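Computed over heavy atoms, backbone and side chain alike; hydrogens, waters and symmetry mates excluded. It should be emphasised that the depicted structure is a prediction, and the values quoted were computed from it without experimental measurement.
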Amino acid sequence: MAITAAMVKELREMTGAGMMDCKKALGETNGDMDAAVEFLRKNGQAKAEKKAGRIAAEGLCTVVLKDDKTAAVVEVNSETDFVAKNETFREFVEAVAAQAVESDAADMDAFMAETWNADTSKTVQEALVDKVAVIGENLKIRRFEKVVAENGCVVSYVHGGGRIGVIVEAETSAVNDTVKEALTNIAMQIAALNPKYVSRDEISEEYIAHEKEILLAQIMNDPKESQKPEKVINGMIEGRVSKELKEICLVDQVYVKAEDGKQTVGKYLEQVSKEAGAPVSVKRFVRFETGEGLEKKNEDFAAEVAAQMGK
């Protein structure tokens, strides 16, 4: 029976398998659609579907720089740390990052539907399904972010062999090795101390008001502190809010390489600006940490073996 493009398209839509895999399945089954679906299931697709519900909270983050102005960071998850160290998996993560830095996708759905640059017969989603079948664990392309500097440059830093990936976008007319080295130091700061904002200017009044409300409730629930005068209590709240903002705002954090142990990142940037002969400021940053916010599977190897043996 002649295998038509329409038949291949139909099978591809039914199974999510690659185009060439669908064509082969139809050829092997003489065009029988149901038999072709079964063929694909027996040759890896069902394996991928079965594993899709399992928790993938390990994995890697990586960053790709296209040039001084363009970078992308991705997180790809696996079920186990063992697979995260596998060279085949690492190569796939690098390929995903290379895809992301060239992508114009606005969200994950659009990204997953893109043509896979490493094999244009597949989509990114199909390439992922194929890799699940090869590696034998559930894998997930969890997120990506592309950063394009408008008036400056981007630098990157990857920590812990891929546990944390950081991109820093800077505004400056002085793009040289000295400035990039300083920005890389700041990227390392972001990896280590995990700030939430660049500066206090990014924090809404609603957030600060909410924090003050919580602090006031804490004070009023303390038998000793609640008895203090209102002026003192207000001063305590302002002091605690200020301390919190110093921890979550990048430019207010103490610079990790400060020789005096006091210099803030903001003051360090002022120093770098003087040395560069032009203002250097952090416009934004992106920090991905592998598995953050995901529930990790509690491994019980003995129980798993017993279950597989039917005990």
Side-chain angles (χ1 to χ4, degrees), residues 8-26 28-29 35-62 64 72-100 103 105 107-144 161-163 165 288-299 301 304-305 307-308:
V8 173
K9 181 175 182 290
E10 181 182 352
L11 183 59
R12 188 177 184 184
E13 289 174 349
M14 288 171 63
T15 64
M19 182 176 67
M20 297 307 294
D21 290 332
C22 290
K23 185 176 180 180
K24 179 180 178 182
L26 287 164
E28 292 286 337
T29 59
V37 171
E38 189 68 13
F39 179 90
L40 288 170
R41 292 181 64 196
K42 289 178 179 177
N43 286 275
Q45 301 307 316
K47 183 178 182 181
E49 291 168 9
K50 183 178 180 181
K51 295 178 184 299
R54 304 212 312 226
I55 296 169
E58 299 292 342
L60 289 173
C61 294
T62 197
V64 167
V73 57
V74 301
E75 178 186 355
V76 183
N77 299 124
S78 60
E79 289 183 55
T80 64
D81 183 53
F82 177 77
V83 162
K85 295 174 181 177
N86 177 283
E87 190 61 30
T88 300
F89 177 75
R90 287 180 171 274
E91 289 174 359
F92 179 66
V93 177
E94 291 291 339
V96 173
Q99 178 88 23
S103 175
D107 54 40
M108 281 304 303
D109 288 341
F111 181 72
M112 298 302 288
E114 283 185 347
T115 298
W116 181 235
N117 291 341
D119 181 349
T120 55
S121 69
K122 303 175 182 179
T123 63
V124 175
Q125 176 64 40
E126 289 166 350
L128 174 65
V129 170
D130 288 349
K131 198 59 63 176
V132 170
V134 170
I135 290 178
E137 276 195 10
N138 185 29
L139 309 177
K140 182 178 181 181
I141 302 173
R142 184 185 181 197
R143 51 183 172 163
F144 77 97
R163 190 171 66 83
F288 282 4
E289 182 167 353
T290 303
E292 59 187 343
L294 293 176
E295 178 186 354
K296 294 202 175 186
K297 183 179 178 182
N298 183 21
E299 298 287 355
F301 185 69
E304 185 176 335
V305 171
Q308 289 179 357

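Taking all atoms of both residues into account, the shortest heavy-atom contact from Ser78 to Val83 is CB-CG1, 3.8 Å. Between Phe92 and Ala127, the shortest heavy-atom contact is CE1-O, 4.1 Å. Among all heavy-atom pairs drawn from Thr29 and Ala25, the shortest one is OG1-O, 2.8 Å. Closest approach of Ala98 to Val64, counting heavy atoms only: N-CG2, 4.0 Å. Scanning both residues, Trp116 and Val124, for their nearest heavy atoms gives CE3-CG2, 3.9 Å. For the residue pair Val74 and Ala100, the shortest heavy atom distance occurs at CG1-CB, 3.7 Å.
A donor-acceptor pair under 3.5 Å is formed between the side chain of Thr290 and the backbone N or O of Gly162. Distance alone, capped at 3.5 Å, places no donor-acceptor pair between the Glu75 side chain and the Phe288 backbone. Side-chain atoms of Glu79 come within 3.5 Å of backbone atoms of Asn138 as a donor-acceptor pair (strictly under, hydrogens ignored).
Taking the side chain as every heavy atom from C-beta outward, Glu87 and Glu91 approach each other to under 4.5 Å.
Using a 4.0 Å cut-off between charged nitrogen and carboxylate oxygen, Arg143 and Glu292 count as a salt-bridge pair.
Only one option out of Leu128, Thr123, Val129 pairs with Glu126 in a side chain to side chain contact (heavy atoms under 4.5 Å, CB included); it is Thr123.
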Checklist entry - How far apart are the C-alpha atoms of Gln125 and Ile141, what are their side-chain angles, what is the distance that settles it, and do they pass the side-chain contact (heavy atoms from CB on, under 4.5 Å) test? => result CA-CA 9 Å; Gln125 176 64 40; Ile141 302 173; over 6 Å; no
